[in-house]
Amino acid sequence: MNKYRTHNCNQLNKGNKGENIILSGWINKKRDHGNLLFIDLRDNYGLTQCIIDKSNSSFNELEKIQLESVIKIIGNVIERSNETINSELYTGEIEVNIISFEILGSCRELPMPIFSDQEYAEEIRLKYRFLDLRRKKIHENIILRSKVISFIRNEMNNLEFLEFQTPILTSSSPEGARDFLVPSRLNPGKFYALPQAPQQFKQLIMVSGFDKYFQIAPCFRDEDARADRSPGEFYQLDIEMSFVEQENIFDVVEKLMINVFKEFSSKKLLYKKFPRISYEEAMLKYGSDKPDLRNPLLIYDLTNIFTREDVSFDIFKKLVKAGSKVRCIVTKNTKDKPRSFFDNLDKWAKEQGASGLAYFTIERDKQLSAKGPVGKFFSEDSLKEIMKITSAVEGDSIFFACGKRNDVEKILSQAREKIAKDLDLIDENKFAFCWIVDYPMFELDELTNKIKFSHNPFSMPQGNIKDIDFEKPLDIKAYQYDIVCNGIELSSGAIRNHVPELMYKLFSIAGYDKKKVDEKFSGMINALSYGAPPHGGIAPGIDRIVMLLANEKNIREVTMFPMNQNAQDLMMNAPSDVSDHQLKELGLILKGKK
RNA sequence: GGGGGUGUAGCUCAGUUGGUUAGAGCGAUCGCCUGUCACGCGAUAGGUCGAGGGUUCGAGUCCCUUCACUCCCGCCA
C-alpha cells in the first residue's frame with residue numbers, strides 16, 4: 001500500500017464491501033447520466049467501475065475530464081444490485097463510490113481512441129505506440145511475450161543449460177545477410193557489425209567447454225521486412241550443445257516446443273511427434289521448405305505424362321522436352337465448383353508472375369474424361385496414369401504448372417496456400433510442427449552459376465568424412481535442419497563442422513581460399529584447432545513463436561516498439577541525422593543524400 | 001530494386017456514369033438526462049479529399065508524376 005493505491009483495478013469484489021480504498025488508473029470510459037456519472041478506471045490488471053453523483057462537489061470537474069487521464073480515486077466499495085452486476089468483469093459485483101479524486105496525469109485530445117476494437121492505420125499506431133500499447137489485445141500480447149520468455153528461460157534452466165551474453169559489437173561476416181555496421185571511433189575507418197546471430201560465439205562457448213548454452217539473443221539483419229519478419233532486429237532462443245547428434249537437439253527442442261505451446265495456447269498439436277521431412281521431399285510435395293502441414297493439398301510430379309504419345313498438350317510437351325517440369329495440385333471433389341473458381345486461380349497465378357495454371361476436372365460419362373479448357377489433350381489411359389500418380393478420383397480437379405523446377409515449386413507452393421484458403425481447408429485450431437532435414441550443403445547460384453553454401457557454412461556434412469565425394473558438391477547433404485510450424489519457419493540449426501581441415505575443404509568449394517577463411521573466420525577456425533568438441537545447436541525465433549501463440553499474422557503485434565516497413569521508428573525518429581561533430585569524431589564524411 | 005493494395009473530418013469509413021453547398025458513426029465542444037457498462041437525446045465546431053501537374057465548361061471521381069503506410073517478389077548463410 002502506498003499513497004496511490006490500496007488495490008489494483010482488478011482486485012475488488014464482494015469481500016471488500018464497505019472498505020475505504022484508493023485506486024489509480026486511466027479513465028477508460030465515462031458514462032454521463034447528467035446527475036450520475038460512471039467511470040471505468042483501468043490499469044494493467046483490469047477495470048473497476050467507479051461512480052459519483054451530483055451531490056459530490058467533485059462531480060462537475062470529473063464530468064469534464066478527458067478519457068485516458070490518469071486519476072487517483074478515494075472511495076468506498078459498494079455492492080451492486082443484482083440487475084446491475086456485470087458478469088464480464090472480475091470486479092463486476094461491486095463498484096467504487098467516489099469520495100474524492102485527484103488528477104495524476106492529464107490527457108490531451110487523443111489522436112486515436114484507446115477503448116475500441118477498431119483497427120487503425122499503422123503509421124498512427126507506431127507514432128503513438130505508448131497509446132496503442134494501452135489497448136487490450138496488444139497489451140495482452142506483450143504480456144504473453146513476457147510470460148513465454150520467462151517460461152522458456154525456466155525450462156532451459158531446468159535442463160541445466162547456462163545462459164550467457166555474447167557481444168553486440170562484433171565483426172562483419174562475408175556470408176549471409178547484410179550487416180548493420182557501427183563505425184569505430186578508436187579505430188578510424190574500421191567498423192563493428194551487429195551480430196546477425198551469435199553463431200560463432202556460441203560455437204566458441206562450446207570450444208570453451210561449457211557444454212550446454214542458451215540465450216534469448218538479439219539478432220540484427222539489414223534486410224527488408226515481411227509480415228513475419230521485423231526489419232533490423234529480432235530475438236532468437238539461441239541454443240548450442242556439445243557432444244550431441246542431431247537427434248539430441250531435436251529431443252530438447254521438440255519437448256520445449258510442446259511444453260510452450262501447450263502452456264500458452266488451447267490449440268491442439270496436430271502431431272505429438274514432429275514429422276521429419278527431407279528438404280528434397282518438402283520441395284517436391286509442398287514446393288517449399290516451410291510447408292504448412294495443416295494444408296492437406298499435395299503436389300505431384302507429372303513431367304513424364306507429357307512425354308506420352310497419347311497426350312497432345314503440345315505447349316507443355318515442348319517445354320518438357322526442353323527440360324521443364326510439370327507438377328500439379330489435386331483438389332478433392334471440386335467438379336461442381338463454378339467456372340470462376342478455376343479461372344480466378346489461373347488469373348491469380350498470372351498475377352503472381354507465373355504463366356498460369358492449366359486445369360481440368362476428372363469426370364465420367366461413358367468413359368473417363370477430363371473436363372476443362374485443356375481436358376481434350378488427355379487420353380483416357382493418360383488420365384488413369386495421372387489418377388494413379390496423384391490418387392485423384394472422379395470429381396477431383398487437377399491444376400498444372402509447367403516451367404523451370406524452381407518456378408514450378410514456387411508457384412505451386414503459393415497455389416497450395418491460395419487454394420486451401422479459397423476452399424477453407426485449413427484448421428485454424430491446430431499447430432502443425434515438422435522438421436525439415438537433410439539440407440544440401442551447397443547450391444548453384446543462379447546468377448553467377450557458382451557453387452555457394454546453401455545454408456550455414458559451419459554445418460557438418462553428412463556421412464563419413466572419408467567417404468564424402470567432394471567432386472559432386474551438390475550431392476553433399478548437411479546435418480542442417482529447420483523447424484516449421486503452420487508454414488512459418490521457426491528456426492534453423494545444424495550440427496557444426498568442428499574439423500578445421502574439413503572446413504577449409506568446404507570453404508574452398510564455395511570459392512574461399514585458406515587465406516580468406518583464416519582472415520574472415522580467424523576466431524572460429526583458430527579455436528577449432530585447439531581441441532573442439534563435436535557440437536550443434538539451433539535458434540528458434542522468439543517473435544514468431546509468440547506470434548503463433550497470440551494468433552497474430554503480423555510480427556508487430558507481438559513487438560513492443562517495432563519499426564515500420566522502411567526500418568524507421570516513427571516514435572523515436574530513428575534512424576536520424578547526426579551532428580557534424582559526431583561524424584568528424586568517427587572519421588566519416590557523408591557523400592550527400594539521395 | 002520490382003509488383004499489388006490503401007490514402008476523404010482527430011479516428012473508422014461512405015461518396016453512383018465526372019455535375020448543385022463532400023456525408024455518416026465515434027471522438028471534441030455546449031446543453032438535457034440518477035443505473036449505465038459500446039448509456040441515451042439534442043445542438044455546434046471540425047475538410048489543402050496525401051501532394052504536385054494535366055484533361056475538362058466542371059475533378060474526391062479520369063490521366064501523369066510523387067509521397068506515406070501496407071502486402072508480396074527479390075533479399076533474409
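Chain identifiers are assigned alphabetically (A, B, ...) following the order of the sequence lines, protein sequences preceding nucleic acid strands; residue numbering begins at 1 within each chain. FYI, side chains are in, hydrogens and waters are out, and symmetry mates aren't considered; it's all heavy atoms of this structure.
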[M] and [N], which share atom name [atom1], separated by this distance in whole Å:
N       : M       : atom1 : value
rG5(B)  : rC64(B) : P     : 12 Å
rG10(B) : rC49(B) : C1'   : 16 Å
rC71(B) : rU61(B) : C1'   : 26 Å
rU20(B) : rG35(B) : C1'   : 48 Å
rG52(B) : rC67(B) : P     : 15 Å
rC75(B) : rU66(B) : C1'   : 26 Å
rC33(B) : rA59(B) : C1'   : 46 Å
rA9(B)  : rA24(B) : P     : 14 Å

Report yes if a side-chain nitrogen or oxygen of [X] is closer than 4.0 Å to either non-bridging phosphate oxygen (OP1 or OP2) of [N]; otherwise report no.
X         : N       : answer
Gln66(A)  : rU29(B) : yes
Arg31(A)  : rU36(B) : no
Lys350(A) : rG4(B)  : no

Checking base pairs now: Watson-Crick or wobble, both atom distances under 3.5 Å. What partners [N]?
N       : value
rC69(B) : rG5(B)
rU12(B) : rA24(B)
rG40(B) : rC32(B)

Problem set entry | Face-on cation placement of Lys514(A) at Tyr504(A) ring, 6.0 Å and 45° thresholds |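 Yes, a cation-pi geometry holds between Lys514(A) and Tyr504(A).
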Using a 4.0 Å heavy-atom cut-off, does [X] contact any base of the nucleic acid, only the sugar-phosphate backbone, or nothing at all?
X         : result
Leu89(A)  : nothing
Pro113(A) : sugar-phosphate
Lys452(A) : nothing
Ser116(A) : nothing
Phe38(A)  : base
Leu110(A) : sugar-phosphate
Lys410(A) : sugar-phosphate

If you take atom types as modelled and just measure distance, does the side chain of [X] reach the base of [N] with a donor-acceptor pair under 3.5 Å?
X         : N       : result
Arg229(A) : rC75(B) : yes
Glu119(A) : rU12(B) : no
Arg221(A) : rC76(B) : no

May I have the distance from [X] (atom [atom1]) to [N] (atom [atom2]), rounded to whole angstrom?
X         : N       : atom1 : atom2 : result
Lys30(A)  : rG27(B) : NZ    : C1'   : 12 Å
Ile39(A)  : rG35(B) : CD1   : P     : 17 Å
Asn86(A)  : rA38(B) : CG    : C1'   : 12 Å
Leu47(A)  : rU36(B) : CG    : P     : 18 Å
Trp348(A) : rC72(B) : CH2   : P     : 14 Å
Glu63(A)  : rA28(B) : CD    : P     : 12 Å
Glu443(A) : rC76(B) : CD    : C1'   : 13 Å
Asn60(A)  : rU34(B) : CG    : P     : 14 Å

Problem set entry | Sidechain N-carboxylate O distance under 4.0 Å for Arg544(A), Glu552(A) |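 Result for this pair is no, no salt bridge flagged.
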Exercise. Would Arg556(A) and Glu122(A) pass as an ion pair if we require N to O under 4.0 Å?
Worked result: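 Yes, this pair counts.
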Exercise. Are His33(A) and the base of rC39(B) stacked, counting only ring centres nearer than 5.5 Å and planes tilted under 30°?
Worked result: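 So His33(A) counts as stacking on the base.
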For this session: If a protein heavy atom is under 4.0 Å from the base, mark B; if only from the sugar-phosphate, S; if neither, -; do that for nucleotides 65-71 of chain B going 5' to 3'.
Result: ---SSBB
Exercise. So do the side chains of Leu506(A) and Phe470(A) get within less than 4.5 Å of each other, counting heavy atoms only?
Worked result: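 The answer is yes, as the side chains (C-beta and beyond) meet within the 4.5 Å cut-off.
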Problem set entry | Side chains of Gln199(A) and Phe201(A) in contact at under 4.5 Å (non-hydrogen atoms) |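 Contact flag for Gln199(A)/Phe201(A) side chains = no.
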Exercise. Mapping Leu67(A) and Asp228(A) onto RNA chain B by nearest heavy atom, which one lands closer to the 5' end?
Worked result: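 Upstream on the strand: Leu67(A).
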Problem set entry | Closest-nucleotide 5' rank along RNA chain B - winner of Phe458(A) and Glu109(A) |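 Upstream on the strand: Glu109(A).
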Which nucleotide in [options] has an atom nearest any side-chain atom of [X]:
X         : options                   : result
Asp32(A)  : rC73(B), rC33(B), rG74(B) : rC33(B)
Glu223(A) : rC30(B), rU36(B), rC75(B) : rC75(B)
Leu36(A)  : rG35(B), rC39(B), rC76(B) : rG35(B)

For this session: Using only heavy-atom distances, determine whether the side chains of Lys64(A) and Asn60(A) contain a donor-acceptor pair under 3.5 Å.
Result: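 Asn60(A) and Lys64(A) do not have a side-chain donor-acceptor pair below 3.5 Å.
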Problem set entry | Between Asp289(A) and Tyr439(A): side-chain donor-acceptor atoms closer than 3.5 Å |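 Yes, a side-chain donor-acceptor pair sits under 3.5 Å.
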Problem set entry | Interatomic spacing from NZ in Lys418(A) to CG in Leu412(A) - rounded to 0.5 Å |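 Here the rounded value is 15.0 Å.
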For this session: For residues Phe521(A) and Phe507(A), establish whether the separation of their ring centroids is below 6.0 Å.
Result: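 Yes, the ring centres sit under 6.0 Å apart.
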Exercise. Does the ring centre of His498(A) sit less than 6.0 Å away from the ring centre of Phe458(A)?
Worked result: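 That pair fails the under 6.0 Å test.
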Problem set entry | Stepwise ring pair (Phe, Tyr, Trp, His ring centres under 6.0 Å) test for Phe453(A) and Phe442(A) | CA-CA 4 Å; Phe453(A) 287 109; Phe442(A) 299 101; 5.3 Å; yes
